[in-house]
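One structure is given below, encoded as structure tokens.
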Amino acid sequence: MNFTRWSARLPGTQRRAAARTDHEVTPDRIGEGSVPAARAEQLTDDTPPVPAVDELPVRAVLDRVPALVALVHGQDHRLAYVNDAYVTAFGARPSGEPAREALPELNEIGLLPLLDQVLRSGKPRTVKSRKAPDGRCYTFTCTPVSEGDGGVLVFATDVTDHAEAAERLRASERRQRETAVTLQRSLLPQVLEEPDDLRIAATYHPGGTEAAVGGDWYDVITLGGGRTALVIGDVMGRGVRAAAVMGQLRTAVRAYARLDLPPHEVLQLLDGLAAEIDANQIATCVYAIHDPNEGKLVYASAGHLPILVRDESGAVLRADEPTGPPLGTGSWMHASGSIPLSPGSTAVLYTDGLVERRNEDLDEGIAALERALSGATGTPQVVCDRLVRSAGVTADHDDDVAVLVLQHPARTGPDSDLFRNAALELLGGIEAAPRARAFASGVLTSWRFPAELHDLGVLAASELVANSLQHGTPPMRLRLRRTDRRLIIEVTDGDDHLPRRRRAEPGDESGRGIAIVATIASNWGSRRTPGGGKAVWCEFVLPKG
């Protein structure tokens, strides 16, 4: 086969005439734009004409091209030509053989079907960055040659350097993401605290491999006295910075929770801290407190999605109000709200990755979650997994997802005997103290506590009541509560001055009550209550067995 016949050309005499017409310079053409005037005087009749493109030795040109070039002919793609670069890369090839045998490297990388497509369609096709058997990466362009039975010109450009650079970039991005994920997971609680009255499970799914990890987080904090704080939040943005801000907020929440403040006051403190950490970083958060004596969740929200609660019958409630702006905005007075959480109920706290989808209203996502929750039964972990599956969260999900599920079990049968409550209104003056001691002794005896724990419980109740009678104001109440793990004694009154433990001097007539309670109890604390009062409590861990 004569390779030069693959380019259409004029007869030789016409071609040379055209070349002279196109490229020869005559005096009357000088200055008309064809040749700069400064160079025109250098041209003479002896200046050789510039050859036309179709006069160039095509094969000699292709032999010197650094790219790989191959020419195949006919329906079975018989090899017509390979250039020197191709031979250097893959060795000599037998001319006239079908490409499957003559060009096995093209067959190995799956290029032969593409040759069929090019031949049928008459249109060029390009395949980017394919790794060839020689270990290098090439971009292949296949162009149809329309003469005779037709053929295809294969042009391969070595893009190994670009491919390796791209892979290094992807590897760097993967390492950065792995670092952020590791940081994110290390900042989340490794093991959830287990309150006596709640059963809790949580899950965290980072965004897919193409998305940098975000700042979703959650936590469970036992406050003492049977109360539990639950928190979930979302720091907007991606990468290590979002994870680091999340870690600072989570640490701050745990510190503020130890103050045993109402939810809105915790968010108020967190709002100021968020502005100090990064004024440009937006974060949302829900902070809720469960008190088993009240049968509800008291919560405050800073721009976060509403808590959902499924009651024992399967009906789902949505805690929509009140909701303030995201953290860090400043000058906003947050407020607390409440939602019932009776025995047998399940509550769900979650981030927007669970319900937010492109081209879909957010309310539709929340409504879908409500429907999924209404039919979700089983342990908190089972409910958690079902909600994630129903939302279509997979390994390549494009946003982080955090879900916190809590259940307030309905105690029945022998289990109910392990969770008991008893309360006494403290009426009158100093005579309330002996009545409180007698009440505590009778209750602890009926609960069949060991003698030592009985005596310690009566002493603690007596000291807390005496402290309230001396420093507090009515109304006053003594409450005793037992769980399967501890005994809790709490006294409430109408004065908001919180007691503190202090060293009593030998001559002091008071100041020893709280010190005694702190010494004999496993834990103690105090908090302000709604309406301007306070609660002082202590707890004893029950012996196992």
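Listed here is the closest heavy atom pair of Val286 and Ile307: CG1-CD1, 3.7 Å. In terms of heavy atoms, Pro94 sits closest to Ala102 at O-CB, 3.8 Å. Nearest heavy-atom pair, Ala85 versus Val65, reported as atom, atom and distance to 0.1 Å: CB-O, 3.7 Å. In terms of heavy atoms, Gly150 sits closest to Leu119 at C-CD1, 4.1 Å. Of all non-hydrogen atoms in Arg254 and Ile221, the two that sit nearest each other are NH1-CG1, 3.5 Å. Taking both residues in full, the closest heavy atoms of Pro189 and Tyr218 are given as CD-O, 3.3 Å, listed atom of the first, atom of the second, then distance.
Look at Arg318 and Asp363 and you find a salt bridge, because one of the NZ, NE, NH1 or NH2 atoms lies within 4.0 Å of a carboxylate O, short of that distance.
Inter-residue side-chain proximity for Ile109 and Pro133 is flagged as met; some heavy-atom pair is nearer than 4.5 Å. Residues Trp217 and Val231 meet the side-chain proximity criterion, which asks for heavy atoms closer than 4.5 Å. For the pair Leu406/Thr228, no side-chain contact is recorded, criterion being any heavy-atom separation below 4.5 Å from C-beta on. Side-chain atoms of Glu105 and Leu103, non-hydrogen and from C-beta on, do get closer than 4.5 Å to each other. Two residues are said to be in side-chain contact when any heavy atoms from C-beta on lie closer than 4.5 Å; Pro104 and Arg93 meet this criterion. Between Leu267 and Cys285, the closest side-chain pair of non-hydrogen atoms falls below 4.5 Å. Leu115 places none of its side-chain heavy atoms less than 4.5 Å from the side chain of Arg125. Taking the side chain as every heavy atom from C-beta outward, Pro409 and Arg199 approach each other to under 4.5 Å.
Within the 3.5 Å criterion, the main-chain N or O of Met236 finds a donor-acceptor partner in the side chain of Gln281. When atom types are taken as modelled, the side chain of His73 and the backbone of Gly96 share no donor-acceptor pair closer than 3.5 angstrom. With hydrogens and angles disregarded, a donor-acceptor distance shorter than 3.5 Å links the side chain of Asp271 to the backbone of Gly328. Arg386 places a side-chain N or O within 3.5 Å of a backbone atom of Gly375 that can act as its donor or acceptor partner. Here the side chain of Thr251 pairs a donor or acceptor atom with the backbone of Gly247 at under 3.5 angstrom. Within the 3.5 Å criterion, the main-chain N or O of Ala99 finds no donor-acceptor partner in the side chain of Glu101. Between the Gln268 side chain and the His334 main chain, a donor and an acceptor come within less than 3.5 Å of each other. Of the possible donor and acceptor atoms, one in the side chain of His408 sits under 3.5 Å from a partner among the backbone N and O of Leu341. Judged by distance alone, the side chain of Asn83 and the main-chain N or O of Val69 form a donor-acceptor pair under 3.5 Å. Side chain of Ser374 to backbone of Ala315: no donor-acceptor contact under 3.5 angstrom is found.
We find the CG-CG distance between Leu230 and Leu297 to be 6.5 Å, quoted to the nearest 0.5 Å. To the nearest 0.5 Å, atoms OG1 (Thr379) and CD1 (Ile200) are separated by 13.0 Å. Atom OG of residue Ser336 and atom CD1 of residue Ile289 lie 7.5 Å apart, to the nearest 0.5 angstrom. One distance of note links NE2 of His290 with CG of Leu223; it measures 11.5 Å at 0.5 Å rounding. With values rounded to the nearest 0.5 angstrom, Gln381 atom CD is found 11.0 Å from Gln407 atom CD. With values rounded to the nearest 0.5 angstrom, Asp400 atom CG is found 9.0 Å from Asp352 atom CG.
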- [ ] Check step by step if side-chain contact (heavy atoms from CB on, under 4.5 Å) holds for Thr377 and Arg310.
- [x] CA-CA 10 Å; Thr377 57; Arg310 176 188 184 273; 3.6 Å; yes
Task: Test side-chain contact (heavy atoms from CB on, under 4.5 Å) applied to Val82 and Val154, step by step - done: CA-CA 9 Å; Val82 290; Val154 180; over 6 Å; no
- [ ] Could you please spell out the steps behind the side-chain contact (heavy atoms from CB on, under 4.5 Å) verdict for Thr143 and Phe155?
- [x] CA-CA 8 Å; Thr143 305; Phe155 192 90; over 6 Å; no
- [ ] Please assess Leu114 against Leu106 for the test side-chain contact (heavy atoms from CB on, under 4.5 Å), listing each intermediate value before the final yes or no.
- [x] CA-CA 10 Å; Leu114 187 66; Leu106 298 188; over 6 Å; no
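Legend: residues meeting side chain to side chain contact (heavy atoms under 4.5 Å, CB included) with Arg100, ordered by chain and number and at least two apart, are Asn107, Leu112. Judged as a salt bridge (charged side-chain N to carboxylate O under 4.0 Å, His left out), and not counting sequence neighbours, the contacts of Arg250 are Asp219.
Donor-acceptor pairing under 3.5 Å is recorded for the side chains of Thr351 and Asp216. Counted by atom type alone, Tyr81 and Asp63 present one or more donor-acceptor pairs between their side chains at under 3.5 Å.
With a 6.0 Å radius and a threshold of 12 heavy atoms from other residues, nucleotides or ligands, Glu194 has its CD atom at or below the threshold. Environment of CD in Glu312: sparse, with no more than 12 heavy atoms of neighbouring residues, nucleotides or ligands closer than 6.0 Å.
Listed by first and then second residue, the ring pair (Phe, Tyr, Trp, His ring centres under 6.0 Å) pairs involving residues 86-113 are Tyr86-Phe90 (not counting sequence neighbours).
Ring orientation note: the planes of Phe140 and Tyr138 are tilted relative to one another, at an angle of 30° to 60°.
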